[in-house]
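Notes follow once the structure below has been shown.
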Protein chains: 2
Amino acid sequence: MQLNKKVKVEQGAEQKIIAAARRIFQRKGMAGARMEEIAAEAGINKALLHYYFRSKEKLFQVIMMEAKGQMLGRLHPILGSDAPLFEKIELFVESYISFVTENPFLPGFILHEINRHPEKLVNEISSGAKRPNLSKFFQQVETEIKKKNIIAIQPEQLFMNMLSMCVFPFVGRPMLQTVLNVTDKKFNQLLADRKKEIPVFIINSIKR
Amino acid sequence: MQLNKKVKVEQGAEQKIIAAARRIFQRKGMAGARMEEIAAEAGINKALLHYYFRSKEKLFQVIMMEAKGQMLGRLHPILGSDAPLFEKIELFVESYISFVTENPFLPGFILHEINRHPEKLVNEISSGAKRPNLSKFFQQVETEIKKKNIIAIQPEQLFMNMLSMCVFPFVGRPMLQTVLNVTDKKFNQLLADRKKEIPVFIINSIKR
DNA sequence: GTCTATAATGAGATAGAC
DNA sequence: GTCTATCTCATTATAGAC
């Protein structure tokens with residue numbers, strides 16, 4: 001009895017569609033993506049898209065839900081952990097940059113789509129992923145300030161700085177690379193270096 | 001002889017169109033924008049758009065060129081000036097945040113559109129604005145490192161950190177505001193505070 | 001210059017054969 | 001399940017009156 005014979009290497013049509021839709025939607029957004037293009041990318045026919053996912057909107061929802069879950073799902077496990085503050089910062093930066101390196105279009109995609117629909121609040125966060133909770137991290141920051149281990153800083157500002165430095169270089173890559181006038185290779189190296197550089201930069205800034 | 005009688009308050013159709021196109025394109029992107037919508041926003045007729053600008057593509061080019069010029073044009077005058085490094089950082093952050101506060105959708109717009117067209121290199125930078133030149137700034141950083149006034153840091157990393165912290169909170173506002181769970185008012189306050197907070201954060205980090 | 005009406009095209013969705 | 005052919009509608013673009 002050999003079940004799932006072709007599941008591994010040669011994925012089913014549904015999975016091929018999702019993979020293709022992910023690539024196209026993330027690069028071009030809902031409005032810019034074409035069902036035709038997604039079908040081609042998946043190596044199948046346009047009609048088949050509608051067979052598996054009734055409409056473009058439905059297919060988009062699948063991709064968007066997955067995306068939000070990935071972006072926000074990483075926050076809580078790390079920031080809510082019991083690791084000491086400096087270690088936590090290192091873990092967070094390392095983890096987030098690794099993730100975005102694998103999914104460079106994901107942040108820009110989410111942000112663009114949210115801007116397009118100011119009405120739909122972001123609150124339906126992946127309608128399943130637990131709402132990110134930063135309170136643990138914030139408390140930790142406050143505690144370290146009281147203990148005079150770090151300088152006074154609003155935890156919100158610290159978090160913004162951290163996330164900004166991790167994510168923006170990916171979202172803004174084309175602009176940055178042009179302005180810095182560096183090759184792909186060199187830019188990739190800069191990005192990789194940031195896993196170590198950002199924690200140092202942050203900790204230098206806040207420690208007493 | 002009163003020339004330009006109505007130029008001030010009541011702008012001509014062409015200017016009304018550009019202003020409307022700016023708002024719509026920046027929020028929804030090329031693919032998401034509708035000529036109908038731009039016409040309505042400008043308080044005129046759809047056909048008139050085509051009278052002034054032959055096509056949607058042409059109108060888009062106008063807006064995009066302006067946008068790139070604004071984003072990149074601010075770099076050189078500040079970073080290329082003769083101000084001392086720390087002062088320059090303060091000036092840059094102050095100026096860039098002020099500008100993005102006035103044009104919150106501009107960075108996301110440019111970044112999204114560049115992603116949609118990986119083919120067209122960004123090199124045609126506003127086809128008129130002088131190519132941003134960071135060499136002065138970079139030299140200054142190197143000098144201060146040699147003089148042991150600041151710690152060793154790659155100038156590129158410093159610049160990325162600076163720009164990231166200034167721009168990302170605007171691009172990622174919806175996400176950040178959800179995660180931080182704060183009101184519009186509070187978030188605006190955080191953004192305003194950053195004009196002072198970021199320079200302190202950066203200088204704390206790099207100064208010896 | 002500005003409008004209304006309409007043509008032309010692009011793209012999502014469905015029908016029906018295999 | 002998968003395809004080809006087709007329908008339908010939204011949207012860009014033009015024609016032509018005023």
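So that the names make sense, note that chain A is the first sequence line, chain B the second, and so on, each numbered from 1. As the structure is a computational prediction, the values presented were derived from the model and not from experiment.
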Handout entry: Aromatic plane relationship, B:Phe168 with A:Phe168 - under 30° parallel, 30 to 60° tilted, over 60° perpendicular
Key =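 Rings of A:Phe168 and B:Phe168: perpendicular, over 60°.
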
Next item on the list: Look at the rings of B:Phe99 and B:Tyr96 and say which category their plane angle falls in: under 30° parallel, 30 to 60° tilted, over 60° perpendicular.
Entry: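 Ring orientation of B:Phe99 relative to B:Tyr96: perpendicular.
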
Each nucleotide of nucleotides 13-18 of chain D classed B (base within 4.0 Å of a protein heavy atom), S (only sugar-phosphate) or -, in 5' to 3' order, makes BBB---

Could you state the atom-to-atom distance from [atom1] of [X] to [atom2] of [N] in whole Å?
X: A:Glu37; N: C:dG12; atom1: CD; atom2: C1'; value: 15 Å
X: A:Leu59; N: C:dA13; atom1: CG; atom2: C1'; value: 14 Å
X: B:Glu36; N: D:dC9; atom1: CD; atom2: C1'; value: 15 Å
X: B:Glu14; N: C:dT2; atom1: CD; atom2: C1'; value: 15 Å
X: B:Asn45; N: C:dA5; atom1: CG; atom2: P; value: 11 Å
X: A:Tyr52; N: C:dT14; atom1: OH; atom2: P; value: 17 Å
X: A:Leu48; N: C:dG12; atom1: CG; atom2: C1'; value: 15 Å
X: A:Phe53; N: C:dT14; atom1: CZ; atom2: P; value: 15 Å

Exercise. Using a cut-off of strictly less than 4.0 Å, decide whether A:Tyr51 has a side-chain nitrogen or oxygen near OP1 or OP2 of D:dC3.
Key: no

For D:dA10, take OP1 and OP2 only and decide whether either is under 4.0 Å from a side-chain N or O of B:Arg34.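 It does not, given that no N or O in the side chain of B:Arg34 lies less than 4.0 Å from OP1 or OP2 of D:dA10.
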
Exercise. Are side-chain N/O atoms of B:Asn161 and A:Arg194 paired as donor and acceptor at under 3.5 Å?
Worked result: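 Yes.
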
message: Closer than 4.0 angstrom, basic N to acidic O: yes or no for B:Asp82 and B:Lys88?
response: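 Between B:Lys88 and B:Asp82 there is no salt bridge, as every charged N stays at least 4.0 Å from the carboxylate O atoms.
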
Applied to residues 10-48 of chain B, the ring pair (Phe, Tyr, Trp, His ring centres under 6.0 Å) test, sequence neighbours excluded, yields B:Phe25-B:Phe60

Distance-only, no hydrogens or angles: does the A:Lys46 side chain make a donor-acceptor pair with backbone N or O of A:Ile38 under 3.5 Å?
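Here the side-chain-to-backbone pair does not exist.
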
* B:Gln177 side chain vs B:Val182 backbone, donor-acceptor pair below 3.5 Å ->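 The answer is yes, because a donor-acceptor pair under 3.5 Å joins these two groups.
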
Under 4.0 Å between any heavy atoms, over every strand shown, what does A:Ala33 touch: base, sugar-phosphate, or nothing? Just pick one.
sugar-phosphate

